[in-house]
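Working notes, beginning with the structure itself.
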2 protein chains.
Amino acid sequence: MTELLWGRQQQRSRGPKPAITLTEIAEAGIRIADIEGLDAVSMQRVADDLPVTKMALYRHVPGKTELVAVMSDLAIGPPPEHPAQPWRQALKTWAFDLYAAFAKHPWLLQSTIGRRLLGPNELTWMDRGIRALTDSGLSGGEQFDSILVLTSHVRNIAQQTITTGLTEEHINRALADILTTEAARFPSLTAALTTAGGSENQGLEFGLDRILDGLEALINARKDCASAG
Amino acid sequence: MTELLWGRQQQRSRGPKPAITLTEIAEAGIRIADIEGLDAVSMQRVADDLPVTKMALYRHVPGKTELVAVMSDLAIGPPPEHPAQPWRQALKTWAFDLYAAFAKHPWLLQSTIGRRLLGPNELTWMDRGIRALTDSGLSGGEQFDSILVLTSHVRNIAQQTITTGLTEEHINRALADILTTEAARFPSLTAALTTAGGSENQGLEFGLDRILDGLEALINARKDCASAG
DNA sequence: CAGTACTGTGTCCGGCGGACACAATTAACG
DNA sequence: CGTTAATTGTGTCCGCCGGACACAGTACTG
C-alpha cells in the first residue's frame, strides 16, 4: 500500500512486458469517476476502459481500496505554486486552491474522508498549508490544528455547493415544503432562512474570514505576550 | 421519503397486521451499525435480526438509502436541553453535544454527508444552533453559515478522533515511517509534528475557540457599527 | 535450448440491492 | 355471516460487485 502510493516500483526481470501500468489504471479510474461519479468506478468498468480483463488489474493493485487511494492522490495533485505572501493571504489562496481541486474532482470528497493512509500529494498540501504558519508564533500542534479546521471548512462548503447528483432541486423543494408546513417547529431556522433570501453562496469566504480572524487574534495575542515578556 | 422521515404514516385498513414497524427496522439497523459498523448493515442482515425475510422490509421502506436516512435521524436524536446561556457558551455546549452524538454512533459520520433530505431531528439540531445567534445582530445567512462552519469542524474532529476501525495504529506507524524517510519533502509538516509531541487531542476545543473568536469579532464589529449609526 | 518467473485470461464464489409473482391474512361490504 | 379485496410476508430470480484461483502464454536467464 505504502509502496503503491509512494511510487516504489521494483524493476521487472523475466516474464512478459506489462500491458498496462498502475498509472494508466488510476487514470482510467479518474476518467470514469469524473464523468460518472465514484460509484461507477468498479474493477470491471476500469478494466473495460483499458481494455483488459478485470483480474488483470489485480496484478498491479491489491484491491479496490488501494486503487481509489492511488486515484485520489493522483487526482488531487500537488498544490499550485504561489509567490510568498503574508500568512493570512497565503492561507486564503491555499483554501481557494483546495476548493478548486475538489471542484475539479468532486468524488475526492467521498474518497478522502476518515483516517486513511496519505499519499505524497495530499501530504504536500498539508505541508504547504502549515508552511504559511511557520513563523506565526503558534506551536506545532496549533499550526496542525489550524490547517485541519481550514480543510474541514473547505471540504464542507465544497460538499454543499458542488452538486454531484441531479437531486439538487428535489432536495431544496422538499426542504422548502417542510419549512413551510412545519415552520412552528423550527422558528429560528425558518427566520434565518427567510431573511437570507436564498443562495448567496458566499459560505466559503464567510467561514474562511471568521476562522482567519480567530487565528489572527490568537497570533496577535501571542506576539503581545512575547514582546511583553 | 419525506413521509418516512417525518412520520407520516397512513392508517391501515384491510390486510394482515404488520409483523414489524418502520421504527423496529430502523432500531435493528442502528443496533447493527453501532456494533459492526454501517457497512455491516445490509437488508439481509437487518431482516435476520428481526427476524423476517429481507423482502418484507421493502413493505415498510422503499430502499436501503431511505432506511439509512431513517436510521440516521433516529440515532442522532434531538439535541439535549440546556438552560439559556449567552450565545458563545450556548454554541460551545451545542458543539460538544453534537460531538457526543457522533461519538455515540460513529457511523453517523458516514451516513450524514453530502446534500441529502434532512429529518426532523437533524433540523432541530440546526434550529437549536441558530437560535443561539438569533439576537447576535448577524443576518440570517450569516447565522446559517456560522452553524455550518461549526458543524463541519465538529464532524471533522470526530472523524479524526473517533477510531472506527482497528487500523489506527497501522496508519500512524506508516505515517511516522514516511515522515522520517521523506522528511526533506515535507519540512514544515515534519517540524510542526515533531514539536507537537504526539496526541494532545485538543483539536475540538482549539478550532472551536478560534471560530468563536472570529464570530465574536464580527458580532462586536456589527454592534459598534449599529451604536455609531 | 531448457527452465522459470511473470503477465493476462477464464471461471467460480458469496454477498449485495432489488423486481416480481404468490400465498396467507384480515377488515370492509353486501 | 359469507364474500371480496387490500395488504402483508415469502420465495425465487436477476445483474452487479469484489475477489480467489488455476491456467496458458510470454520473455528473460542460465
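Note on naming: letters A, B, ... go to the chains in the order of the sequence lines (proteins, then strands), and numbering restarts at 1 for each one. Atom set for the values below is all heavy atoms of this structure, side chains included, hydrogens, waters and symmetry mates excluded.
In this structure, the side chains of L189(A) and F144(B) come closer than 4.5 Å at one or more pairs of heavy atoms. Contact annotation: the side chain of T161(B) approaches that of Y99(B) to within less than 4.5 Å [non-hydrogen atoms, C-beta and beyond]. Annotation: side chain of S72(B) is in contact with side chain of W107(B) (closest heavy-atom distance under 4.5 Å). Here the side chains of L208(A) and F96(A) are in contact, with some heavy-atom distance below 4.5 Å.
Using a 4.0 Å cut-off on heavy atoms, the residues of residues 59-73 of chain B that approach DNA chain C are R59(B), G63(B), K64(B), listed by number. DNA chain C is contacted by G15(B), P16(B), K17(B) of residues 15-25 of chain B, taking any non-hydrogen atom closer than 4.0 Å.
Side-chain proximity of A56(A) to the nucleotides dG19(D), dT9(C), dG3(C) is greatest for dT9(C). Between dC16(C), dA6(D), dC28(D), one nucleotide has an atom nearer to the side chain of R14(B) than all others, and that is dA6(D).
With rounding to whole Å, L57(A) atom CG is found 13 Å from dT7(C) atom P. Atoms CG (L50(A)) and P (dT7(C)) sit 16 Å apart, rounded to a whole Å. Rounding to whole angstrom units, CD of residue Q44(A) and P of dG10(C) are separated by 11 Å. Distance M43(B) CE to dG9(D) C1': 14 Å, rounded to the nearest Å. With rounding to whole Å, R45(B) atom CZ is found 20 Å from dG18(C) atom C1'.
Side-chain polar atoms of H153(B) and N156(A) form no donor-acceptor pair below 3.5 angstrom.
The side chain to side chain donor-acceptor pair (under 3.5 Å) test applied to K92(B) returns E205(B), D209(B), not counting sequence neighbours.
Taking five base pairs at each end of the helix from dC1(C)-dG30(D) to dG30(C)-dC1(D), the local helix axes there meet at an angle of 10°, rounded to 10°.
Along DNA chain D, the nucleotide closest to V52(B) and the one closest to D39(A) are compared, and the more 5′ of them pairs with V52(B).
A donor-acceptor contact shorter than 3.5 Å links the side chain of E66(B) to the backbone of G63(B). A donor-acceptor contact shorter than 3.5 Å is absent between the side chain of D34(A) and the backbone of H105(A).
Note that CD1 of I30(A) is 9.0 Å distant from CG of L67(A), once rounded to the nearest 0.5 Å.
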Under 3.5 Å, which protein N or O atoms sit close to an N or O of nucleotides 12-16 of chain D? Give each pair with its distance.
none

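Each of L108(B), L150(B), I113(B), L98(B) was checked for a side-chain contact (heavy atoms from CB on, under 4.5 Å) with R155(B), and the lone residue meeting it is I113(B).
Salt bridge annotation for R128(B)-E81(B): present, with a cationic side-chain nitrogen under 4.0 angstrom from a carboxylate oxygen.
Taking each heavy atom of S111(A) and L38(A) in turn, the nearest pair found is CB-CD2, 3.9 Å.
Residues in residues 3-42 of chain B take part in these ring-ring contact (aromatic ring centres under 6.0 Å, His included) pairs, two or more places apart or across chains: F186(A)-W6(B).
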